[in-house]
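Below: the structure, in structure tokens.
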Amino acid sequence: MTVRTRFAPSPTGYLHIGGVRTALFNWLFARKHGGQFILRIDDTDQQRNVEAALEPILRGFRWLGLHWDEGAEVGGPHGPYYQSAKLPRYQEAVAQLLAAGCAYWDYATPEEFKAEMEAAEREKRPKIYSRRWMAESPAERARFEAEGRVASVRLKMPREGVCRFFDQVRGEMAVEWANEQDIVIQRSDGSVTYNLANVVDDFDMKITHVIRAEEHLSNTPRQIFMIESLGYPRPHYAHVPFVAEPGSKNKLSKRKIGQYLKNPDFKKVYEHGQAIAERLGLTISPETFNPVLVEFYEQVGFVPDAIVNYLLLLGWSWDGSTEFFTREEMIDKFSLERVNKAAASLDVKKLWAFEEHYFAGLDLNEKVRRVMPFLHRAGLSASEDLVRQVVAEAAHRLIVAGDIFNFDDFFLPDDAIRLEPKAKQKHLDAARDVLPRLRQLLASTEPFEAVRLKSQVEALARELGVKPGALSQTLRVAVTGKDVGFDAYAGLAILGRERCLRRFDRVVVL
RNA sequence: GGCCCCGUCGUCUAGAGGCCUAGGACACGGCCCUUUCAAGGCCGCGACACGGGUUCGAAUCCCGUCGGGGUCACCA
């Protein structure tokens with residue numbers, strides 16, 4: 001039997017990082033067993049603009065390299081893969097459940113049902129519907145309808161016995177049927193609810209392994225009841241823990257960004273990304289651009305493999321010490337047995353560390369390829385050759401592609417260089433006497449290369465009885481306006497004599 | 001509140017009775033290097049929730065307590 005797994009996002013307009021982690025486990029499991037990974041869309045018919053809301057999700061998966069074998073846009077033999085296109089099929093399943101006596105027409109009004117639930121809560125009883133407005137015969141239905149009531153369809157759950165199932169992460173599970181509510185499977189408007197659609201889709205798409213987040217654990221018994229009532233084969237289950245908030249065990253939520261921003265680590269990464277987004281001219285708000293959403297990482301210029309590798313280790317480990325896995329290695333080593341049971345908090349600082357490692361591992365051409373679009377989008381024109389030199393010298397100072405903006409002084413016109421007041425005070429004002437000598441050095445050093453510049457500065461330093469570092473800092477400020485950056489001599493050499501002198505003369509009034 | 005799940009350093013985790021004086025990684029602190037910013041090297045800080053058992057021996061098994069979380073929709 002071929003392994004088939006699925007991920008079923010709802011078109012919400014963004015790709016949640018916790019969802020990606022669950023999807024990744026599904027993807028890995030399918031790949032490992034030579035099976036298929038299906039991307040099915042849980043859209044409801046009342047949603048508008050499904051296409052627009054789906055686009056960021058599909059783009060995110062493609063960007064991360066988590067390709068699906070069947071589903072949205074790619075199609076496949078078990079479609080449709082959009083829930084909104086399957087209403088007749090679902091209603092057929094509802095009819096089957098009704099006919100089998102496993103579901104019933106219910107005529108309770110929402111208020112009546114709610115009153116029962118509130119009473120149960122008050123009396124500290126399990127919230128189980130009394131079936132007071134249940135109708136199983138045409139006569140009963142007619143009677144309720146004469147009162148002007150409209151029916152929904154509820155599952156007629158067993159009231160005794162135990163539901164047992166095996167969970168590949170949690171082991172043997174057992175739940176009393178008597179604690180299971182008669183949930184609505186078909187609304188009074190004829191549309192169908194999640195649990196029913198889910199069961200039918202998994203059957204239609206021949207899903208063999210249901211790997212989903214822990215919050216679905218409580219849906220499992222009622223889904224098993226439907227599966228059995230409909231005569232479907234039962235899939236294997238694995239409930240993986242959800243991804244928790246930074247520094248807490250609450251489920252990560254896109255709505256609580258304001259709260260996460262109070263976490264210093266989270267804030268730091270967010271602000272880093274924000275600065276890059278501003279240079280790109282993106283209009284951003286924390287609601288749509290933040291480290292909970294995959295889009296954030298794409299915009300800022302992360303390496304997709306870094307995110308995937310980090311997510312892999314969030315709730316799974318191989319031997320406790322191996323940190324880095326290629327795609328092939330993760331496919332080879334992944335197993336549900338080694339998935340942890342407890343929720344794991346999102347730690348963007350650690351994700352950042354993975355990014356550092358992955359970006360550093362890119363070869364020079366690859367780094368340049370990733371950095372060029374950022375420069376262009378920010379309106380900075382630069383030859384590939386210049387970019388290559390800067391990227392090479394910047395080395396590990398580039399962690400995400402957007403960090404190239406830290407070295408924008410190489411790509412700005414010479415008259416656009418701004419002198420930072422603090423740097424001026426510290427390195428120019430305090431060194432007025434040596435400025436003419438430094439200018440002369442720039443004008444005369446031949447060839448104009450880093451090693452030569454270095455030895456010339458060192459010679460001058462000896463002559464003046466100062467440290468070479470002091471002179472090189474002064475040169476750096478005089479030419480770039482800033483007192484931070486990579487090796488000053490390399491920077492001068494990259495700019496070339498002409499540009500250095502032009503800048504020097506603009507910045508320094510002798 | 002009912003039902004269910006979970007509980008090792010701040011965080012992610014290793015650990016399936018003796019290899020544990022509890023290992024690795026991120027973060028953090030210090031030192032070295034460097035008159036920039038980093039990176040790198042070295043050192044350090046730091047956890048088995050608690051209480052009972054079982055056992056020669058428990059982070060590992062059992063019971064209880066406490067703590068945290070999920071879920072109880074005509075959302076998905």
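Just so it is clear: chains get the letters A, B, ... in the order the sequence lines come, proteins before strands, and each one is counted from 1.
Below 30°, between 30° and 60°, or above 60°: for A:His239 and A:Phe165 the angle between ring planes is above 60°, a perpendicular geometry. Using cut-offs of 30° and 60° for the angle between ring planes, the A:Phe266 and A:Tyr260 rings count as perpendicular. Aromatic ring pairs are classed by plane angle as parallel below 30°, tilted from 30° to 60° and perpendicular above 60°; the pair A:Phe296 and A:Tyr270 is parallel.
Between the CG atom of A:Asp483 and the C1' atom of B:U35 there is a distance of 12 Å, rounded to whole Å. Taking atom CD of A:Glu176 as the reference point, atom P of B:C4 lies 8 Å away to the nearest angstrom. Per the geometry, CG belonging to A:Leu217 stands 12 Å off P belonging to B:C72, to the nearest Å. Distance, A:Leu313 CG to B:C12 P: 12 Å, rounded to whole Å. Atom CZ of A:Phe324 is separated from atom P of B:C26 by 8 Å (rounded to the nearest Å). If you take CD1 of A:Ile41 and P of B:C75, they are 20 Å apart, rounded to a whole angstrom. Distance, A:Asn309 CG to B:C26 C1': 13 Å, rounded to whole Å. When rounded to the nearest whole Å, the span between NZ of A:Lys249 and P of B:C6 equals 14 Å.
Under a cutoff of 6.0 Å and an axis angle of 45°, A:Arg154 and A:Tyr129 form a cation-pi pair. Relative to the ring axis of A:Phe405, A:Arg279 places its NZ or CZ within 45° and under 6.0 Å from the centre.
In this structure, A:Ile399 and A:Asp319 both approach RNA chain B, and ranking their closest nucleotides by distance from the 5' end singles out A:Asp319. Heavy-atom nearest nucleotides on RNA chain B were determined for A:Glu123 and for A:Asp487, and the one closer to the 5' end corresponds to A:Glu123.
The stretch residues 111-122 of chain A touches RNA chain B through A:Phe113, A:Glu121, each having a heavy atom within less than 4.0 Å of the strand.
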Close N or O pairs between protein and nucleotides 39-44 of chain B (under 3.5 Å):
| unit_1 | atom_1 | unit_2 | atom_2 | d |
| --- | --- | --- | --- | --- |
| B:A39 | O4' | A:His396 | NE2 | 3.0 |

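Residue A:Lys467 is classed as a base contact, given a heavy-atom separation below 4.0 Å to a base. Using a 4.0 Å heavy-atom cutoff across all strands shown, A:Ser345 reaches sugar-phosphate atoms only and no base atom. Contact annotation for A:Phe242: backbone-only contact, meaning every heavy-atom pair under 4.0 Å involves sugar-phosphate atoms and none involves a base.
OP1 or OP2 of B:G69 has at least one side-chain nitrogen or oxygen of A:Asn250 nearer than 4.0 Å.
Figure legend. B:G67 is base-paired to B:C6; pairs are counted as Watson-Crick or G-U wobble with both atom distances under 3.5 Å.
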